[in-house]
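Read the structure below first, then the notes.
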Number of protein chains: 2
Amino acid sequence: MKTAFRNVKEDIRNRILKGVWAPGDLLPNEVDLAIEFDCARATVNRAMRELADEGLVERKRKAGTRVRQAPLRQARFSIPIVRQEIEARGQIYRYALVDRNVVETPDWLRARLGGTATGQVLHLACVHFGDANPYQFEDRWINLAALPQAADADFNSLGPNEWLVATVPFSDAEISFSATTADARTARHLGCSEGDALFLAERTTWWEDQPITHVRLLFQRGYRMTTRY
Amino acid sequence: MKTAFRNVKEDIRNRILKGVWAPGDLLPNEVDLAIEFDCARATVNRAMRELADEGLVERKRKAGTRVRQAPLRQARFSIPIVRQEIEARGQIYRYALVDRNVVETPDWLRARLGGTATGQVLHLACVHFGDANPYQFEDRWINLAALPQAADADFNSLGPNEWLVATVPFSDAEISFSATTADARTARHLGCSEGDALFLAERTTWWEDQPITHVRLLFQRGYRMTTRY
DNA sequence: CAGTGGTCTAGACCACCCA
DNA sequence: GGGTGGTCTAGACCACTGC
């Protein structure tokens, strides 16, 4: 019972959840709701806009506001930042660089980066530990055409992710999650068996249409990404 | 270049991305920004509030608005709804129930449901096809104490998810993603090999603290969940 | 065309919380 | 205490789009 728009929002949400307004039903328009709740239309608008953002209702000009058929179509996930994840578990974070070389952009990576990628990329492989246990294996490629200074950076003490965050902004990113099988190299670094099912996160970032970096993050067996909504 | 608050928002976002305002910097207050952009304070407020929602800035009363150290901490994912996913791929959706029985709630499930679960659950196993290819294997448990009518429902033609959506609302849900290995039964239903790495989504839903259902969704090999932000 | 949501304004009061 | 963001209002004009 604090702010007006929250009250309106909760009230309407409850009516939908309790079935007063069923999926597909048309809700009263903003003016009528404002009268009912004895508030300004802007207040109703704010409440309804947030409900629409959350996916509970669907709004169209002239057509009005309707309860969605399938409520809640999306959820927010926090993007994993490995150091914070490990420290949040009460473990000591440790990082190790295990490989570093400069190569011509492989074709599959060129396709991922969007075709505009040009020459060489810096390839880094590293392991993130929680206490003494390997937690995540990271395969990263950095576009040297966009970030030539990466060639001179020392990634032995500072992880590539933290270096990148401190060095370059990004305007666009794509992230995807999937399951994959541990190959021999990954199994060795993570201390698991070849063939184990691993959770894989891949992320590509751009700065004004120029590809910056692509990374494959392989999580230790049993990793779960969870959210409540 | 359409609405005022979008212009303000984009302008401020660009200044942050270009480094005019660096992480940790204090931004001008809303009144000053309103003067600069020649608009009402409410317009600036709307723009800033959305930037805060997106995680680009951090706002505190009296302290003002600051650029976040680690920009973009979360992304939104659409919750997979299997029929829509398959039809979006231009394939024909088909569903098959492969198993159905009533059992005492197993301990692991009781733990997942929150301890308040009581007696029996309806266990369903089904496969979702895209054209003729198995796309997803679903293992579902429905709390019969909360939904006794599920025992009489015919899940041969209508999938449990669609039945549930049409029958009962929910107020709370937890979803988690991980990787797992295909067991013999799953491999048989999905037409893959035992031991293949599969993407697993698990979801539990509650209605006013009463557990409704828990489901394990195993996706065909190669499934990827992607988002851009 | 006309109803609905989308946005904007100018002003106001308030809650919070740093100094 | 006082500055900042958080919210609310009453009214207005506009854009979209179903009818």
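Below, read A as the first sequence line, B as the second, and so on, with proteins coming before strands; counting in each chain starts at 1.
Toward the 5' end of DNA chain D, the nearer of the two residues Val31(B) and Asp38(A), judged by each one's closest nucleotide, is Val31(B).
Closest to the side chain of Glu30(A), out of dG6(C), dC8(D), dC8(C), is dG6(C). Here the nucleotide nearest the side chain of Arg61(A), chosen from dC16(C), dG3(C), dC13(C), is dG3(C). Of the listed nucleotides (dT9(D), dC19(D), dA10(C)), dT9(D) has the atom at the smallest distance from the side chain of Ala40(A). When distances are taken from the side chain of Arg49(A) to each of dT7(C), dG5(D), dG18(D), the shortest belongs to dT7(C). Nearest to the side-chain atoms of Thr43(B) among the listed nucleotides dT9(C), dG5(D), dG1(D) stands dT9(C). Relative to the side chain of Ala42(B), the nucleotides dC8(C), dA10(C), dG6(D) differ in distance, and dA10(C) lies closest.
An OP1 or OP2 oxygen of dT4(D) is reached within less than 4.0 angstrom by no side-chain nitrogen or oxygen of Thr65(B). Close to dG5(C), at under 4.0 Å from its OP1 or OP2, lies no side-chain N or O of Asn45(A). Put simply, Arg46(B) has no side-chain N or O that comes within less than 4.0 Å of OP1 or OP2 on dC8(C).
Atom CD in Glu58(A) sits roughly 13 Å away from atom P in dT17(D) (whole-Å rounding). Atom CG of Leu33(A) and atom C1' of dT4(C) are 12 Å apart (whole Å). Rounded to a whole Å, the CD1 atom of Ile12(A) is 11 Å from the P atom of dG5(C). Between the NZ atom of Lys9(A) and the P atom of dT7(D) there is a distance of 10 Å, given to the nearest Å. To the nearest angstrom, C1' of dC18(C) lies 15 Å from CG of Asn29(B). Regarding Arg59(A), its CZ atom lies at a distance of 14 Å from the C1' atom of dG3(C), rounded to whole Å. dC18(C) atom C1' lies 12 Å from atom CG of Leu26(B), rounded to whole Å. Rounded to whole Å, the distance from CZ on Arg66(B) to C1' on dG5(D) is 14 Å.
Taking 4.0 Å as the cut-off between side-chain N and carboxylate O, Glu54(B) and Arg49(B) do not count as a salt-bridged pair.
Across all strands shown, Arg41(B) has heavy atoms under 4.0 Å from base atoms, whether or not it also approaches the sugar-phosphate.
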Walk me through it: do His214(A) and Asn143(A) pass the test side chain to side chain contact (heavy atoms under 4.5 Å, CB included)? CA-CA 8 Å; His214(A) 176 74; Asn143(A) 180 9; over 6 Å; no
Determine whether Phe199(B) and Phe177(B) satisfy the following criterion, ring-ring contact (aromatic ring centres under 6.0 Å, His included), listing intermediate values before the conclusion. CA-CA 7 Å; Phe199(B) 189 78; Phe177(B) 300 102; 5.6 Å; yes
As a quick check of understanding, evaluate side chain to side chain contact (heavy atoms under 4.5 Å, CB included) for Arg83(A) and Glu162(A), giving each step before the final call. CA-CA 9 Å; Arg83(A) 171 182 227 118; Glu162(A) 304 189 42; 2.8 Å; yes
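For His128(A) and Tyr135(A), the gap between ring centers reaches or exceeds 6.0 Å.
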